[in-house]
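First up is the structure itself, then whatever we jot down about it.
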Amino acid sequence: MLRFLCLLIVTLGLAMSVQAQEAAPVDRSATGGAQTLEDILKRQEGLKIDDSFRSTLTGNPDNAAAKTDQLGTLGGASDPDLWRAYRYNSAAITTQARGPAADVLIQDGGMRWLLFREGPLLTYGGALLGGMVVLLALFYLIRGRIRIDGEKTGRTILRFKAVERFAHWLLAGSFIILGITGLITLAGRKLLIPAFGPEAFATLAMGSKWVHNNISWAFMLALVLVFVFWVVHNLPDRTDINWILKGGGIFGGGHPPAKKFNAGQKLIFWSVIILGASISASGLSLLFPFEMPMFAVTFEKLNAVGLPQLLGLGELNTALAPHEEMQYAQLWHAIVSFVLMAIIIAHIYIGSVGMEGAYAAMGDGEVELQWAREHHSLWTAEVEEQQSKAGKA
């Protein structure tokens, strides 16, 4: 799983800015030392170029044309010199604002972040969620609702205690609110402004941001509670292999034996814990960008183990401005959230309309005994044995 997360981080780095090997010196004599068509094409692709030919032209009188020349300047500092100094962070800037990012006026990565955020992120993220809904609809049409096979007993068995259900619904409710408000923040300018106008969207966006930031604490608390309550029941064991080989009995052939959580539920559990923890970490980085930067140190560790070099990317940039840290964190936050939302959509389906009797487990905590025997036979046998012993005592 760690390797998987590392690969995802590298992929995000690629989406933001492809880190290529050091480029060979370019002959710019034909352009008088200015950029060439090759420079422009590489920069458009996000490739690293040697731009020292202009990054040093930030007002040094020795680099300026004589003031008697047609293009000469007074004092060796023209407007282009000034803007280059801003861009390459070499200007002496004084601001009233005090903070780590106050004196960074131009940051090139901002456009790459904006284009990826408004383009591939929304396109592929939306396709992932829509594709999951379509797949589940097709599955329902083909398979139908998974019914209780045997005759119902009319008796119930306690599956989840009240405190467990509280933790589950706190996690589920907060995640749904975070998903909706996050999508409003991410896609609102593109989808909602044309529908409601900028004034209405501004109010909605500000409210969504406030709700998103504050509901996040409930999500993180619930994530810890769910982990504490259920981690012992979600550790892999040999029964999971048999469950997977039989496809959980979804397409007939009987229900494979399972403990309190079957292999499918364990996959959901660990997806929620791992991806939820990653979303929480990037969210904290966005809430406290100057105190909790994530990506410079992550890229440094990846460079140390040689993974980017192995993939032919060279060394990832570890000198990140605060803006770049926030841009990486925002994209990572959104990408992982899209993946988890797709997983949760499938979880909601199977726990509601997809399977008869499943909702009761988190509704009132009591499930039909026959349902428990079919889907969690090993766990049910243990509970019945404990009840039998308690009755005899």
Side-chain angles (χ1 to χ4, degrees), residues 8 118-150 152 159-160 165 168-169 171-188 190-192 194-195 208 219 226 234 240 243-256 258 261-276 279 333-364 367-368 370-372 374-376:
L8 281 179
E118 295 184 347
L121 180 60
L122 281 178
T123 300
Y124 294 115
L128 177 63
L129 300 185
M132 178 59 74
V133 172
V134 171
L135 285 176
L136 292 173
L138 291 174
F139 179 80
Y140 183 81
L141 292 174
I142 296 171
R143 175 61 174 84
R145 196 179 195 196
I146 301 173
R147 300 287 181 180
I148 297 175
D149 293 334
K152 296 179 182 179
R159 179 146 176 80
F160 294 114
R165 301 198 305 276
H168 170 272
W169 287 117
L171 185 66
S174 60
F175 183 74
I176 290 173
I177 294 173
L178 289 171
I180 293 173
T181 54
L183 288 173
I184 290 173
T185 304
L186 182 66
K190 202 169 188 178
L191 302 179
L192 299 182
S208 295
F219 174 79
V226 165
N234 281 279
D240 298 331
W243 193 94
I244 292 172
L245 291 176
K246 292 187 176 181
I250 292 177
F251 291 99
H255 299 283
F261 293 99
N262 59 42
Q265 292 169 322
K266 290 179 181 179
L267 288 174
I268 295 291
F269 174 83
W270 287 112
S271 296
V272 170
I273 294 300
I274 294 174
L275 298 182
I279 291 170
H333 191 75
I335 290 171
V336 180
S337 295
F338 271 123
V339 174
L340 186 55
M341 281 191 284
I343 294 172
I344 294 303
I345 288 173
H347 175 63
I348 292 173
Y349 164 80
I350 201 69
S352 55
V353 299
M355 178 182 290
E356 181 185 9
Y359 177 78
M362 281 299 167
D364 57 17
V367 295
E368 162 63 42
Q370 182 60 28
W371 179 91
E374 290 179 6
H375 294 284
H376 301 276

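Just so you know, residue 1 is the first one in the sequence shown, and it goes up from there.
For Asp149, the side chain to side chain donor-acceptor pair (under 3.5 Å) partners are His255, not counting sequence neighbours. Scored by the side-chain contact (heavy atoms from CB on, under 4.5 Å) test, Leu171 finds Phe219, Ala222, Leu223, Val226, Val272 as partners (sequence neighbours excluded). Considering only residues two or more places apart in sequence or on other chains, Glu356 meets the salt bridge (charged side-chain N to carboxylate O under 4.0 Å, His left out) condition with Lys152. For Thr181, the side chain to side chain donor-acceptor pair (under 3.5 Å) test picks out His212, with sequence neighbours left out. For the side chain to side chain donor-acceptor pair (under 3.5 Å) test, residues two or more places apart in sequence or in another chain that qualify with Glu374 are Gln370. The side-chain contact (heavy atoms from CB on, under 4.5 Å) check on Ile180 picks up Ile176, Ile184, with sequence neighbours excluded. Under the side chain to side chain donor-acceptor pair (under 3.5 Å) criterion, Asp240 pairs with Lys266, sequence neighbours left out. By the side-chain contact (heavy atoms from CB on, under 4.5 Å) test, Ala258 pairs with Trp243, Asn262, His376, sequence neighbours left out. Every residue two or more places apart in sequence or in another chain that forms a ring pair (Phe, Tyr, Trp, His ring centres under 6.0 Å) with Phe139 is listed here: Phe251.
Counting only residues at least two apart or in different chains, salt bridge (Lys or Arg N to Asp or Glu O under 4.0 Å) contacts with residues 118-134 are absent. Screening residues 333-353 for side chain to side chain donor-acceptor pair (under 3.5 Å) gives Ser282-His333 as the qualifying pairs, with residues at least two apart or on separate chains.
Pairing each heavy atom of Phe175 with each of Ile344, the nearest pair is CE2-CG1, 3.8 Å. For Leu183 against Met341, the heavy-atom pair with the smallest separation is CD2-CE, 4.3 Å. Counting all heavy atoms, side chain and backbone alike, Ala263 lies closest to Ile244 at CB-CG1, 3.8 Å.
Distance check, rounded to the nearest 0.5 Å: CD1 of Ile350 to CD1 of Ile250 gives 5.5 Å. The line from CG of Leu275 to CD1 of Ile343 is 5.5 Å long, rounded to the nearest 0.5 Å.
Cation-pi contact between Arg159 and Phe261: present, with separation from the ring centre below 6.0 Å and deviation from the ring axis of at most 45°.
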N/O donor to acceptor pairs below 3.5 angstrom from side-chain atoms of residues 121-128, sequence neighbours left out:
unit_1, atom_1, unit_2, atom_2, d
Thr123, OG1, Gly119, O, 2.9

